[in-house]
K.L.:
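Here's a structure for you.
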Amino acid sequence: MLSVSITDENNVPIPDHAGYSIVGIQNRRVEVQYPNGVACEEFPDLGVVCQPNSNRASISLVVADAIVPTQESLQSTSDAETREAPDNPFARIRAANAADNPAAEPNSQRFRPRRIPPEDVPEGMRVISTPFGDRLVQE
């Protein structure tokens, strides 16, 4: 693979290819200048067309015909659409817990960190707050 940075210049040398340069760019097409004495071989099906009197080659992006889907590919697509999502074990546990205790709030068993109000901190201690709750430590 070759990568060339194109600027507003009309003649951009191609690195590591002495005598070769990009002389024009259009939509889906690049014009390449090649050195004298080099033979250009055309591949029209692949988008390479030679202009031997000017030592230039046009390289264009060839657009292929669309691939017509077969009956087998259509069938496999419809099978994939009708398949159900795999079973979620966490959803199953949540549903089982809800069935065992229907009156419980969904978030009633959520973890709540213990918080210590400043007025409850004894002399000589200080509060360390973490996401898991507050702790008292000596100063």
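Side-chain atoms are counted along with the backbone in the values below, which use heavy atoms only and exclude waters and symmetry mates. For the single chain, residues carry numbers from 1 onward in sequence order.
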K.L.:
Give a yes or no on whether the backbone of Asn55 and the side-chain of Gln33 come within a donor-acceptor separation of less than 3.5 Å.
P.N.:
yes
K.L.:
Once rounded to the nearest 0.5 Å, what's the spacing between atom CD1 of Ile59 and atom CZ of Arg29?
P.N.:
11.0 Å
K.L.:
Do Gln51 and Cys40 have side chains that approach each other closer than 4.5 Å (heavy atoms only, starting at C-beta)?
P.N.:
no
K.L.:
Hey, any chance Val32 and Leu61 share a hydrophobic cluster, counting ILVMFWY side chains that come within less than 4.5 Å of each other, even indirectly?
P.N.:
no
K.L.:
Looking at every heavy atom in both Pro131 and Phe111, which two are closest together, and how far apart are they?
P.N.:
O-CE2, 4.1 Å
K.L.:
Hydrophobic clusters here meaning ILVMFWY residues chained together by side-chain heavy-atom distances under 4.5 Å, can you tell me if Val23 and Val49 are in one?
P.N.:
no
K.L.:
Decide yes or no for Met125 and Gln138: does some side-chain heavy atom of the first lie under 4.5 Å from some side-chain heavy atom of the second?
P.N.:
yes
K.L.:
Counting neighbours of CD on Glu123 that are heavy atoms of other residues, nucleotides or ligands and sit closer than 6.0 Å, is the number greater than 12?
P.N.:
no
K.L.:
Has Asn53 got more than 12 heavy atoms of other residues, nucleotides or ligands less than 6.0 Å from its CG?
P.N.:
yes
K.L.:
Would you find a donor on one side and an acceptor on the other, under 3.5 Å apart, between the side chain of Glu42 and the backbone of Cys50?
P.N.:
yes
K.L.:
Count the heavy atoms of every other residue, nucleotide or ligand shown that sit under 6.0 Å from CG of Asn88, and state whether that count exceeds 12.
P.N.:
yes
K.L.:
Does Leu136 belong to the same Ile/Leu/Val/Met/Phe/Trp/Tyr cluster as Ile128, with side-chain heavy atoms less than 4.5 Å apart forming each link?
P.N.:
no
K.L.:
Do NZ/NE/NH1/NH2 and the carboxylate oxygens of Asp134 and Arg114 come within less than 4.0 Å?
P.N.:
no
K.L.:
Can you see which heavy atom on Pro13 is nearest to which on Ser21, and at what distance?
P.N.:
CA-CB, 3.9 Å
K.L.:
What pair of heavy atoms forms the shortest contact from Ser129 to Arg115, and how long is it?
P.N.:
CB-NH1, 4.3 Å
K.L.:
Is there side-chain contact between Val121 and Arg126, with heavy atoms separated by less than 4.5 Å?
P.N.:
no
